[in-house]
Each structure stands twice: as C-alpha cells, then as structure tokens.
> 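The following block contains the structure, expressed as structure tokens.
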Amino acid sequence: EAVQTVSLISTDGGIIDFGSTGLAAASELTSFTASNTGGANAADITTASFVVGNNAAAAKLTSIDLDASHGGDITLGAFDAAGASLTSITMDSATSGSVIDIGGAITASSITNITTTAVSGGSVDFSGVITASNVGTIKHTGAGNFTMDAANAIVTLERLDLTGATGTNS
C-alpha cells in the first residue's frame, strides 16, 4: 500500500529530524501534517533535505498543515506535488519564538488557499519557490512575521490579504 497521510508530531520536547532524501514515491499522498504543539517544551521538526515526491510526485496532495508552538520550529524541505490541486496550505506559529519555514520549492498545479498566522515573536516563511499556475488566496494574520522571499513562479494570484497582519510582512 502506498502512503496517503504523513503526520510528524513532536510532544514533550521530542526532536524529529529527517536527514534523508525524503518520501520519494508520494503518488498517493493526500495529506502532510507537522505539529509540535503538544507538551510544555515542544522540540523542533526538521526535514530540510527531505523531498516529498522526488521520484513520484505527490499529485494527489490536497493539504499541508504545519503547527508550531512552545518555542519549537518546523523547518521543511521541498514538496513536488506536480499535477496536484492543493486545497490548503496552513501554517500556524502559535507561540513567540516558534518559526515555520518551508525552505524547499513547492510545486503544484494550483493552490486554493494559503493561510498563515503568527503571534508576536513568531514567524512563517516561504523561503523556497512556490510554482503554481493559480493561487486563490494568500492570507496572513497576527503580530508575527510573514515572509515569501523567493522568486515565486505563481502565474495568477487572485487575492493577497494582509488585513489582520500587524507584524513585518515581506
């Protein structure tokens, strides 16, 4: 059976660090979740060199959900979801000092919603390139930082909403 859901959950200070080439055959993957919201001192989740779909694209991927708190960081590599119509990418930096960064490229046919939030002292960062023909809405809220600092290849961005964002947005 092919993998359909990947969930990386760190609680009570447990560190998760993948230093491999990734989830190479991701053709059946529909959901990717990383969370370090449990416990009093959640630790980092790192998959910086991890590539989802590097041999078989995650063409059925519909959601990426990343939740960081308790000072823990989430640092991810690339998502090759060529052919996928992602419904959502959600990133929530819920505690000061928590950072979420997707450092690798995200490739998909389309992305309906990218929703991020960061409290003061927290941040979310797309430091890797987003390649998609269409992105519906990118919405960021909170007093924390929001960054998309790569040369993205988004053909059509329908809406950018920073109305609830009071931190640094770039």
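For the numbers below, each heavy atom of this structure counts, side chains included, while hydrogens, waters and symmetry mates do not. None of the values given here were measured: they were computed from a predicted structure.
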> Roughly how far, to the nearest 0.5 Å, is CZ of Phe79 from CD1 of Ile64?
4.0 Å
> So which of Thr116, Ile100, Thr33, Val124 actually passes side chain to side chain contact (heavy atoms under 4.5 Å, CB included) with Leu66?
Ile100
> Quick one, Ile114 with Thr137, criterion side-chain contact (heavy atoms from CB on, under 4.5 Å). Give me CA distance, side-chain angles, the key distance, then yes/no.
CA-CA 6 Å; Ile114 297 173; Thr137 300; over 6 Å; no
> Considering non-hydrogen atoms only, spot the tightest contact between Gly97 and Asp73 and give its length.
O-OD1, 3.3 Å
> Any idea which heavy atoms bring Ala68 and Gly72 closest together, and the distance?
CB-O, 3.6 Å
> Pairs under 3.5 angstrom only: tabulate donor-acceptor contacts from the side chains of residues 144-161 to other protein residues two or more places apart or in another chain.
{"from": "Asn145", "atom 1": "OD1", "to": "Thr168", "atom 2": "N", "distance (Å)": "3.2"}
{"from": "Asn152", "atom 1": "OD1", "to": "Ile130", "atom 2": "N", "distance (Å)": "2.7"}
{"from": "Asn152", "atom 1": "ND2", "to": "Ala150", "atom 2": "O", "distance (Å)": "3.4"}
{"from": "Glu158", "atom 1": "OE2", "to": "Asn134", "atom 2": "ND2", "distance (Å)": "3.2"}
{"from": "Arg159", "atom 1": "NH2", "to": "Asp161", "atom 2": "OD2", "distance (Å)": "2.9"}
{"from": "Asp161", "atom 1": "OD1", "to": "Thr163", "atom 2": "N", "distance (Å)": "2.9"}
{"from": "Asp161", "atom 1": "OD1", "to": "Thr163", "atom 2": "OG1", "distance (Å)": "2.7"}
{"from": "Asp161", "atom 1": "OD2", "to": "Lys139", "atom 2": "NZ", "distance (Å)": "3.1"}

> Hey, does the side chain of Ser88 reach the backbone of Asn113 with a donor-acceptor pair shorter than 3.5 angstrom?
no
> Could you grab the distance from atom NE2 of His70 to atom OG of Ser96, nearest 0.5 Å is fine?
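His70 atom NE2 to Ser96 atom OG measures 12.5 Å (nearest 0.5 Å).
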> Are any side-chain N or O atoms of Ser98 and backbone N or O atoms of Gly71, one a donor and one an acceptor, separated by less than 3.5 Å?
yes
> What's the spacing between Ser35 OG and Asp65 CG if we round to 0.5 Å?
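Separation between the atoms: 8.0 Å.
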> side-chain hydrogen bond (donor to acceptor under 3.5 Å, both in side chains): which pairs involve residues 122-131, sequence neighbours left out?
Asp101-Ser127
> State yes or no: do Val52 and Val6 share one hydrophobic cluster built from I, L, V, M, F, W and Y residues joined by side-chain heavy-atom distances below 4.5 Å, directly or via other members?
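Yes: a chain of side-chain contacts under 4.5 Å links Val52 to Val6.
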> Nearest heavy-atom pair of Ala165 and Asn169: which atoms, and what distance?
CB-ND2, 3.6 Å
> Using 0.5 Å steps for rounding, measure from the CD1 atom of Ile106 to the CG atom of Leu86.
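It is 8.0 Å, given to the nearest 0.5 Å.
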> Give the cluster check for Ile102 versus Val99: same hydrophobic cluster or not, with ILVMFWY residues linked at side-chain heavy-atom distances below 4.5 Å.
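No, Ile102 does not connect to Val99 through the hydrophobic network.
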> Which heavy atom of Ser110 sits nearest to which heavy atom of Ala132, and what is that distance?
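Smallest interatomic distance, heavy atoms only, reads CA-CB, 4.4 Å.
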> To the nearest 0.5 Å, what is the distance between OG (Ser63) and CD1 (Ile89)?
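So the OG of Ser63 and the CD1 of Ile89 are separated by 9.5 Å.
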> Would you compute the distance between atom CG of Asp67 and atom OG1 of Thr90 and round it to the nearest 0.5 angstrom?
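Those atoms lie 8.0 Å apart.
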> Is it the case that Thr117 and Thr141 place a side-chain donor and acceptor less than 3.5 Å from each other?
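There is such a pair (donor and acceptor under 3.5 Å, judged by atom type) between the side chains of Thr117 and Thr141.
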> Quick one: side-chain contact (heavy atoms from CB on, under 4.5 Å) partners of Ala118, sequence neighbours excluded?
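Result, side-chain contact (heavy atoms from CB on, under 4.5 Å) vs Ala118: Ser93, His140.
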